[in-house]
> 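Mind looking over this structure? Questions follow.
In each ligand, atom 1 is the first atom listed, and ligand 1 is the first ligand listed. Any value given below was found using the heavy atoms of this structure, including those in side chains, with hydrogens, waters and symmetry copies removed. Please read all numbers here as calculations on a predicted model, not as lab measurements.
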Amino acid sequence: MTDSRPLRQFLDLMASSGISHLPKVTLPKPAAAPGKLLANRLKGAAPPTRQPSLSKPGSQTRLMSPDRLTPNSAQQPDVMETTRSLLEQTFHTAEQKAEGLSRLAESVAACKRCTELAETRRQTVFGVGNADADIMFIGEAPGADEDRQGEPFVGAAGKLMDKIIAACGLKREEIYICNILRCRPPGNRNPHPQEAANCREFLDGQIRIVAPKHIICWGTVAAQNLLGETRPVGRLRGQFLQHGEAKVMCTYHPSYLLRNASAKKLVWEDMKFFMNDLGIDLG
Ligand code: URA
């Protein structure tokens with residue numbers, strides 16, 4: 001029998017965490033940026049010159065053999081305890097948040113809950129960006145480039161994401177970027193549900209510490225896992241959903257756009273919708 005009390009305490013903490021952070025500064029309302037299709041912008045057109053100041057803040061089917069998956073976090077009580085005590089704190093300043101994230105990253109680096117992933121990863125890929133960001137991006141899982149470099153979205157999909165960020169007049173450093181998983185699934189397969197569940201504590205911790213006002217879920221895996229949804233991203237886009245105190249928008253994954261260029265205009269529509277909620281008119 002495993003002791004479920006730490007898990008219960010952690011879940012209670014998570015449940016109460018959505019209302020425990022301080023309000024953040026209000027976003028300025030910059031002038032409207034010229035509206036152009038993302039497809040055009042991605043061909044190299046200049047991004048809007050005005051940079052808003054934002055700093056202050058699929059399918060999941062295949063089953064694995066049970067011995068390759070750790071069914072719950074109780075088998076790594078040390079990681080659990082570190083995370084739990086960390087999240088008992090409140091994080092008000094950017095410095096406190098950065099410190100909290102770096103301590104959480106240490107727990108992630110030691111995590112071996114998903115046996116296969118822990119054996120095959122070069123390193124964990126925790127997250128990157130502004131610890132005090134208003135905007136958080138959530139992707140699926142690290143790929144080969146991310147596994148090598150230890151940072152999310154640095155490969156081909158990341159380069160496209162950078163163009164989308166620039167086309168919106170944002171800067172990557174203003175955003176906090178992470179994934180559903182912190183380890184690369186071999187062959188870039190979809191995360192297994194148990195892997196996503198094992199990693200959820202860390203994702204929740206990152207959301208709790210950064211406390212973003214807005215989250216973008218890139219792709220079906222991110223959207224379904226964050227929101228507990230079963231609908232594909234094509235059915236979830238075009239609206240804001242709520243996660244805790246954050247407004248969540250779902251759109252297509254940049255990797256999907258690399259394979260389906262025609263979907264770029266849909267993502268651009270989504271980004272205009274998203275930026276409009278920040279008071280920024282992209283046309
Ligand atoms: N795809 C993702 O979903 N995340 C990454 O970090 C890289 C590629």
Side-chain angles (χ1 to χ4, degrees), residues 42 58-62 101 104-105 108-109 111 114 117-118 120-131 133 135-166 170-193 195-200 202-207 210 212 214-227 229 232-234 236-237 243 248-261 263-264 266-267 270-271 274:
L42 300 187
S59 64
Q60 314 166 342
T61 38
R62 269 190 302 144
L101 288 173
L104 191 56
V108 168
C111 181
C114 307
L117 303 192
T120 56
R121 74 185 179 210
R122 287 187 197 214
Q123 59 188 311
T124 53
V125 180
F126 179 68
V128 70
N130 183 352
I135 302 172
M136 179 180 277
F137 284 2
I138 302 179
E140 180 177 324
D145 294 305
E146 290 77 20
D147 180 61
R148 240 187 321 270
Q149 296 184 43
E151 193 173 307
F153 284 103
V154 291
K159 301 273 178 287
L160 181 53
M161 177 181 275
D162 287 346
K163 289 184 179 176
I164 297 171
I165 291 170
L170 297 171
K171 288 182 178 156
R172 191 175 164 112
E173 314 82 71
E174 293 171 323
I175 300 163
Y176 188 81
I177 306 175
C178 61
N179 284 302
I180 295 296
L181 294 193
R182 271 128 212 82
C183 298
R184 181 193 181 204
N188 298 341
R189 62 162 171 74
N190 277 354
H192 296 304
E195 293 166 347
N198 287 345
C199 220
R200 184 62 190 239
F202 303 125
L203 175 63
D204 286 342
Q206 286 166 297
I207 295 172
V210 177
H214 288 86
I215 294 174
I216 297 183
C217 287
W218 296 90
T220 293
V221 169
Q224 292 186 341
N225 277 288
L226 180 75
L227 301 167
E229 273 283 347
V233 68
L236 293 169
R237 58 180 289 274
H243 178 76
V248 181
M249 190 194 78
C250 306
T251 193
Y252 294 103
H253 194 285
S255 299
Y256 178 78
L257 300 184
L258 291 172
R259 300 189 303 271
N260 301 277
K264 284 180 182 174
L266 301 177
V267 171
D270 293 340
M271 296 311 294
F274 180 79

> Are the side chains of Asp162 and Phe153 in touch, meaning some heavy atoms are under 4.5 Å apart?
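Result no, sub-4.5 Å side-chain heavy-atom pair not found.
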
> Any carboxylate oxygen within less than 4.0 angstrom of a Lys/Arg side-chain nitrogen, looking at Glu151 and Arg172?
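Judged by the 4.0 Å cut-off on N to carboxylate O distance, Glu151 and Arg172 do form a salt bridge.
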
> Name the residue from Arg121, Arg182, Arg189 that meets the salt bridge (charged side-chain N to carboxylate O under 4.0 Å, His left out) definition with Glu195.
Arg189

> Any side-chain heavy atom of Pro142 sitting closer than 4.5 Å to one from Asn188?
no

> Return the CD1 to CD distance between Ile177 and Gln206, rounded to the nearest 0.5 Å.
12.0 Å

> If the condition is ring-ring contact (aromatic ring centres under 6.0 Å, His included), which residues does Tyr252 pass it with, not counting sequence neighbours?
Tyr256

> Return a table of N or O atom pairs, ligand 1 on one side and protein on the other, at distances under 3.5 Å, rounded to 0.1 Å.
residue, atom, partner, partner atom, Å
ligand 1, 1 (N), His253, NE2, 3.3
ligand 1, 3 (O), Glu140, N, 2.7
ligand 1, 3 (O), Ala141, N, 3.4
ligand 1, 3 (O), Asn179, OD1, 3.4
ligand 1, 3 (O), His253, NE2, 2.7
ligand 1, 4 (N), Ala141, O, 3.1
ligand 1, 4 (N), Asn179, OD1, 2.8
ligand 1, 4 (N), Asn179, ND2, 3.4
ligand 1, 6 (O), Phe153, N, 2.9
ligand 1, 6 (O), Asn179, ND2, 2.9

